[in-house]
Every structure is written in C-alpha cells, then in structure tokens.
2 protein chains.
Amino acid sequence: MIKDKDVYLNERVEQLKLACQKQGMRVTQQRIEIFKEVAKSCAHPDAETIYESVKERMPNVSVDTIYRTLASLEELNMIFRVDNQLPKARFDADMTPHHHFLCIKCNEVYDIFLEPGEELVLPKNAEQYGTIKDVNLQIRGICKKCLEKIEK
Amino acid sequence: MIKDKDVYLNERVEQLKLACQKQGMRVTQQRIEIFKEVAKSCAHPDAETIYESVKERMPNVSVDTIYRTLASLEELNMIFRVDNQLPKARFDADMTPHHHFLCIKCNEVYDIFLEPGEELVLPKNAEQYGTIKDVNLQIRGICKKCLEKIEK
DNA sequence: TCCTTAATAAGAACTATTCTTATTAAAGTA
DNA sequence: TACTTTAATAAGAATAGTTCTTATTAAGGA
C-alpha cells in the first residue's frame, strides 16, 4: 500500500512539531515551510534553491533564516547534510538509512537504498577509531542521463 | 621491509614529475613543494595549513598558487579531496584505496585501511545509476582522543 | 490579553576560494 | 649558453556561500 505524498508530508511535519516541543523550540511558520521544502524534494536541494522556493510563499523570508533553520532542523535530526565536494551544502529530509550516487558531470544526487536484507559491511577495524555516529557511502561517477548526452 | 619516509616521498615526487611531463605541465618549484607538503602529512591538511607550511620555505608563495596547484595535483591524480561537511577542503596524497573516520568533535580525519583480502561490498543496485568512478566510505563519530577528554 | 524571549528580517561582515593582471621562470630552440 | 615562448606565479581585488549584528516580530506560557 503506497502512502500518499501529502499524507507523508503531513506526518513528517507533525514529527517536526513534536521534535520542536520536545526541545523547547518554537514551531514557527518558517521552520515548517523550510522543512516541507526539503521534505518534498528528492533533488537534495541547496540553501539557495530552498530560499527561492520558500520565498514564493513567504516573500519576506531571509537567507539567514534559511541557513539558521536548516541548522536547527539538522540538530533536531529531521534533515541531514549530504556530503559533497561542491561549495554548496545540500540537504536531505529522508532519514531512512540510504547512500548516494553523485554525478560528477551534472552534480545530481541520487539515493541508493539497500535491498531488503542487504546490509553495508563496515571495514573490520572501523570501530577502533571511536564511537560511530553515522556511516555514509558516497559513490561518485557519471549518471545515466549524462552518459546518454555524451554518446550523442 | 618498511620503506623509509624520505625514499617514499622522493618516489612520489618523481611520479609527480612524470605525470606533469605526460600532461605537458611544467614542473615548478611550487608544485613540488605543495605536493610534498600534502604527501608528508597524515593529517589531511586544508589549504590554509598547507599555505602556512609552504610559506616557511617559500615566503613569497601566494594563497592563489596553493589553491590552483592543489586543483592541478587533483587533476593529475596525485592527491584527492577528502569529503567533509566543513567549510575547508582537505587533501590526501595517499592514493591507495582507503576510507575515513571523521571526528565530529575535533575534525580530525583518520585513515581506515581494509585488511588484506577484505573488500568493500557495494549496494547491489549501485551500478544502475551510471558509471562508477570513485567509492568513498565516510564514518563519522567521536574519536578515541575526544572520548577520553569527555570522560575526564 | 499580556509578557517574555526565541526567532526573524535586513543587511553588514566574514571566510574560503577564485579571478585579474602584470611579472617570472620552465623548458624548448637556436 | 643565451633566446624565446608561454605556462605558472604573486599580489591583491573580487566573488560566493554562509554567518553575524541589531532592531523587530510573534510563539506560546501566564
């Protein structure tokens, strides 16, 4: 049974509200709009993109609020920053464990989900360095779309 | 038989010279010094750190040369950029395949080498996204040193 | 409804990096 | 070895992404 996108989004917004209350953080309109913008995108948007979209609905929103809010959403564990070597930070609101394929041509980020039962095996001596908080597999390459363009 | 550090460094500098010649790039003093600085460090230094060190031997070296040279060394496949979520890019001259443990407290980067015979298993559907050029496993956590500090 | 203060808007400031331009030096040639 | 060409450099200005400062607003408890 496939969950409706709006239902999913509403659920996540409710989670955000609860998380805010738990942390004594206020549930502001900006926080909700910015979170929704990340949560409904599958493009792993950067701050500027989020700013442009949110501004359409909230014309007075400031760039600073975007950055500040993204940082607070990160602290609340509602979104995370996707590792990349580009100057702009990119964000992802899908907190289910997954990895990423980054295209070195178009900078698109694709999600890689493990198949059921599949599990990422860590290097044997990974734990000797300290307490592991987060594991991230980045696969860099040229995506199918770009490969097609090159062929032409 | 453990290879002497200086021997290793000289070997790598020779590789750099060959790579430059192959690409029609000039073997400049700056290129060599900057490369050596990255190659002899195990701290995955950032551009500023490299600049400060190189400046001791070449007082007139410019910040721009550091960045430009690091980019050209990257193109020559003599160094690479370590993924991280911090504002400063960090560099690694060890091109043997390995992964990283990043401490979220002190920002130290530790190398994780696979044991002989060990191999990183990629997600089954990783290849469906395109041609893979590079695979990178980042493990984020709190390093032993920082854990000790916290205990005290 | 009022009050407290966390969160915000606006724009200045900052930091890492890149660009511009005149100068230097690598390396091929005479 | 000196000469020539031009890639690479130094210096500092410029830019891009992000963060800070301060006055104002609004969330949410009283």
Side-chain angles (χ1 to χ4, degrees), chain A residues 13-14 16-35 37-38 44-52 54-76 78-79 81-91 107, chain B residues 13 16-35 37-38 44-76 78-79 81-91 107:
Chain A
V13 169
E14 288 311 311
L16 169 61
K17 288 179 183 174
L18 285 173
C20 283
Q21 278 154 18
K22 201 174 170 187
Q23 295 299 313
M25 286 168 63
R26 290 177 184 175
V27 178
T28 66
Q29 211 49 49
Q30 288 87 340
R31 221 160 250 171
I32 291 172
E33 286 304 321
I34 293 166
F35 175 67
E37 202 53 48
V38 183
H44 310 81
D46 56 34
E48 197 189 343
T49 306
I50 296 164
Y51 173 60
E52 294 303 334
V54 169
K55 204 163 60 170
E56 285 175 20
R57 278 162 284 137
M58 303 183 87
N60 289 326
V61 75
S62 76
V63 179
D64 175 64
T65 296
I66 303 295
Y67 284 101
R68 203 167 10 78
T69 302
L70 288 170
S72 68
L73 292 173
E74 213 182 344
E75 266 177 61
L76 290 172
M78 294 301 295
I79 66 171
R81 219 165 271 258
V82 179
D83 272 359
N84 77 70
Q85 301 179 341
L86 303 166
K88 296 181 181 187
R90 300 191 51 178
F91 298 88
N107 298 332
Chain B
V13 169
L16 169 62
K17 287 179 181 172
L18 285 173
C20 282
Q21 278 153 19
K22 202 174 170 187
Q23 296 299 312
M25 286 168 61
R26 291 177 182 173
V27 178
T28 65
Q29 212 48 50
Q30 288 87 340
R31 222 159 248 170
I32 292 173
E33 286 303 322
I34 291 165
F35 175 67
E37 201 54 46
V38 183
H44 310 81
D46 56 34
E48 196 189 344
T49 306
I50 297 164
Y51 173 60
E52 294 302 335
S53 304
V54 171
K55 205 163 61 169
E56 285 174 19
R57 278 164 284 137
M58 305 184 86
N60 289 327
V61 76
S62 75
V63 178
D64 176 63
T65 297
I66 303 295
Y67 283 101
R68 203 167 11 77
T69 302
L70 288 169
S72 68
L73 293 173
E74 214 182 343
E75 266 177 60
L76 290 173
M78 295 299 295
I79 66 170
R81 219 166 269 260
V82 179
D83 272 0
N84 77 70
Q85 302 179 341
L86 303 166
K88 297 182 180 187
R90 299 188 56 174
F91 298 88
N107 298 331

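Proteins come first, then strands; the chains are lettered A, B, ... in the order of their sequence lines, and each starts at number 1.
Among all heavy-atom pairs drawn from A:Ile66 and A:Ala47, the shortest one is CG2-O, 3.7 Å. Between B:Phe91 and B:Val82 the shortest heavy-atom distance is C-CG2, 4.4 Å. Pairing each heavy atom of A:Leu76 with each of A:Ala19, the nearest pair is CD2-O, 3.7 Å.
Nucleic acid contact for A:Asp64: base, since at least one base atom lies under 4.0 Å from a heavy atom of the residue. Residue-level contact check: A:Arg31 touches the backbone only, with heavy atoms under 4.0 Å from sugar-phosphate atoms and none from bases.
A search for side chain to side chain donor-acceptor pair (under 3.5 Å) contacts involving B:Glu74 returns B:Arg81, not counting sequence neighbours. A:Thr65 meets the side chain to side chain contact (heavy atoms under 4.5 Å, CB included) test with A:Gln30, A:Ile34, A:Val61, A:Ser62, A:Arg68, A:Thr69; sequence neighbours excluded. Partners of A:Asp46 under the side chain to side chain donor-acceptor pair (under 3.5 Å) rule, at least two apart in sequence or in another chain, are A:Thr49. Contacts of A:Val27 classified as side chain to side chain contact (heavy atoms under 4.5 Å, CB included), with partners at least two apart in sequence or in another chain: A:Lys17, A:Cys20, A:Gln21, A:Ile32. Every residue was checked against the salt bridge (charged side-chain N to carboxylate O under 4.0 Å, His left out) condition with A:Glu75, not counting sequence neighbours, and none meets it. Every side chain to side chain contact (heavy atoms under 4.5 Å, CB included) that B:Asp83 has, sequence neighbours left out, goes to A:Asp83, A:Gln85, A:Gln138, A:Arg140, B:Asn136, B:Gln138. Applying the side chain to side chain contact (heavy atoms under 4.5 Å, CB included) criterion to B:Glu52, with sequence neighbours excluded, gives B:Lys55.
Within residues 44-54 of chain B, no residue places a heavy atom under 4.0 Å from DNA chain D. Within residues 17-30 of chain B, the residues approached by DNA chain D to less than 4.0 Å at the level of any non-hydrogen atom are B:Met25, B:Arg26, B:Thr28, B:Gln30, in residue-number order.
Take the nearest nucleotide of DNA chain C for A:Thr65 and for B:Val63: the residue whose nucleotide is more 5' is A:Thr65.
Annotation: salt bridge (charged side-chain N to carboxylate O under 4.0 Å, His left out) contacts involving residues 19-35 of chain A, sequence neighbours excluded, comprise A:Glu33-A:Arg57.
Here D:dA26 presents its C1' atom at 14 Å from CG of A:Asn60, a figure rounded to the nearest Å. One can place OH of A:Tyr67 at 14 Å from C1' of D:dC20, the figure rounded to the nearest angstrom.
Axis orientation changes by 40° from one end of the helix from C:dT1-D:dA30 to C:dA30-D:dT1 to the other, with each end axis drawn from 5 pairs and the value rounded to 10°.
Put simply, OH on A:Tyr51 and CG on A:Leu70 are 13.5 Å apart, with the number rounded to the nearest 0.5 Å.
The nucleotide range of DNA chain C contacted by chain A, defined by atoms under 4.0 angstrom from heavy atoms of the protein and reported 5' to 3', is C:dT5 to C:dG11.
Side chain of A:Arg90 to backbone of A:His44: a donor-acceptor contact under 3.5 angstrom is found.
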